[in-house]
> 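Please see the structure below; I have some questions.
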There are 2 protein chains.
Amino acid sequence: MAERLSADDWAEAALAALAEGGLAAVAVEPVAVRLGVSKGSFYWHFANRQSLVEAALRRWEAETEQVIARLEFLDDPVARMRSLLERAFGGGQDAAISFRLISEVDDAVVAEVVRRVSERRITYMQDMLCELGQPPEEARRRVLAAYGSYLGMAALVRIGAMDEAPRSLADLAMAELGLPAEPT
Amino acid sequence: MAERLSADDWAEAALAALAEGGLAAVAVEPVAVRLGVSKGSFYWHFANRQSLVEAALRRWEAETEQVIARLEFLDDPVARMRSLLERAFGGGQDAAISFRLISEVDDAVVAEVVRRVSERRITYMQDMLCELGQPPEEARRRVLAAYGSYLGMAALVRIGAMDEAPRSLADLAMAELGLPAEPT
DNA sequence: ACTCCTCCATACGGTGACGTACGGTCTCGA
DNA sequence: TCGAGACCGTACGTCACCGTATGGAGGAGT
């Protein structure tokens, strides 16, 4: 909307392009078109394409932290987990990006960010389960199964073998994590 | 090995390139280098790059049929399912290709093949469960959960959040499908 | 030996994306 | 008002890949 752009505007557009077309779509000229400007603008804000990719990845990572930060306002760990799952299975935006990035994990930079974000999410959920009295190994096993299912369901939805059903998926995940489905 | 190549040699090399670098890696000149020949050879066997991609996809689809065909020699459906799961969780090659292709399902041709292959695998497993007395909807629900887990586990292995444990994964999948883990 | 056909190499033009060079416009403070 | 810096457009060189054109090596049949 604003006439002049910031580096963050570019990062946002790059993340959107990433969600839609994968890493290859995070290209200078196409994103410039999306923003309605030319390359001249881009090379003012960034040194090269790689920097843009990294900015998009940072933005994605920040969204994970933001989601976690919002959850901290809920006291009950069960409610936190449920809120997290509903948000996760609800949007579908993050699942798409996660999927893209995991499939392009050969890229060293992508690999590092993906690993960091995944580990952050997994250990956060694991800690919640531990807080609820589950032993650490058991908790991690369950979280891995649940997170794996999350990614797998996203894949099935993507190929049209399954229609999204956020609510029931969240219920299922709660059960697999050994938590009550309805928080009374 | 042979001095002269066939179209199938090109398709095989293309599928290998697909597994390693995704659709973008199925490019004429790089694959030619991999085969130790030049583009002149390629354009003798194929009309264009798209044909090569389609040939690689056909080859991948054929592998699914081949796996299924081999299973038909086993009489017991339980043994068939276990053999299928062990083969699936064992190699990891197919999971890599499946992952790549699912993430690039925006391509219309890829989408069609991926959907066909997935549906083939899912209905095949569903039929086996039905053969074992499970009702169709229940069977499909379980197969979807299992196939989704298969893809999700492949993702987790890919990002290093989980080390492969083919045997126990197969056991787990068998349990989720409502089948006995050990065929006595 | 001659010839046709198969398979491949080389050379070329075309396209899209990256990155650079440079100039233009707008804003803000002195 | 005026100069400096922020922001952007345009033109260009380069590179990787696609696809075409053309010709050459080598075997099979006559």
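Letters A, B, ... mirror the listed sequences (proteins, then strands); counts begin at 1.
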> Does the side chain of A:Arg120 pick up a donor-acceptor pair with the side chain of A:Thr64 at under 3.5 Å?
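No, A:Thr64 and A:Arg120 have no side-chain donor paired with an acceptor closer than 3.5 Å.
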> Could you grab the distance from atom CG of A:Leu177 to atom CE of A:Met125, nearest 0.5 Å is fine?
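These two atoms lie 7.5 Å from each other.
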> Using the test side chain to side chain contact (heavy atoms under 4.5 Å, CB included), find all partners of B:Ala145 that sit at least two apart in sequence or belong to another chain.
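If we apply the side chain to side chain contact (heavy atoms under 4.5 Å, CB included) test to B:Ala145, skipping adjacent residues, there are no hits.
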> With respect to the side chain of A:Trp44, which nucleotide from D:dG9, D:dA6, D:dC18 is positioned closest?
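The listed nucleotide nearest to A:Trp44's side chain is D:dA6.
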> With the threshold set at under 4.0 Å for non-hydrogen atoms, list the residues of residues 15-34 of chain A touching DNA chain C in residue-number order.
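Under 4.0 Å from DNA chain C: A:Ala27, A:Val28, A:Glu29.
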> Look at B:Asp94 together with B:Arg87 and state whether they make a salt bridge at an N to O cut-off of under 4.0 Å.
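The answer is no: the pair does not qualify as a salt bridge.
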> Atom pairs under 3.5 Å, N or O on each side, protein against nucleotides 24-26 of chain D: can you list them with distances?
none

> Determine whether B:Arg142 and B:Glu176 satisfy the following criterion, salt bridge (Lys or Arg N to Asp or Glu O under 4.0 Å), listing intermediate values before the conclusion.
CA-CA 7 Å; B:Arg142 280 182 152 154; B:Glu176 283 178 352; over 6 Å; no
> Could you work out, with salt bridge (Lys or Arg N to Asp or Glu O under 4.0 Å) as the rule, every residue matching A:Glu54, not counting sequence neighbours?
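Per chain and number, A:Glu54 pairs via salt bridge (Lys or Arg N to Asp or Glu O under 4.0 Å) with no residue.
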> In terms of side-chain heavy atoms of B:Tyr43, which of D:dT20, D:dC8, D:dC12 is nearest?
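Given the options D:dT20, D:dC8, D:dC12, the side chain of B:Tyr43 is closest to D:dT20.
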> So if I take every side-chain heavy atom of B:Ser41 and compare against C:dA9, D:dG19, C:dT20, which nucleotide ends up nearest?
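Nearest to the side chain of B:Ser41 among the choices is C:dA9.
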> Please work out which residues in residues 45-52 of chain A have a non-hydrogen atom less than 4.0 Å from an atom of DNA chain C and list them by number.
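Going residue by residue through residues 45-52 of chain A, the ones with a heavy atom under 4.0 Å of DNA chain C turn out to be A:Asn48, A:Arg49.
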> Residues in ring-ring contact (aromatic ring centres under 6.0 Å, His included) with B:Phe99, at least two apart?
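B:Phe99: ring-ring contact (aromatic ring centres under 6.0 Å, His included) contacts with A:Phe99.
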> To check you understand the geometry: which heavy-atom pair defines the closest contact between A:Trp10 and A:Leu52, and what is its length?
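Of all heavy-atom pairs spanning A:Trp10 and A:Leu52, the closest is O-CD1, 3.8 Å.
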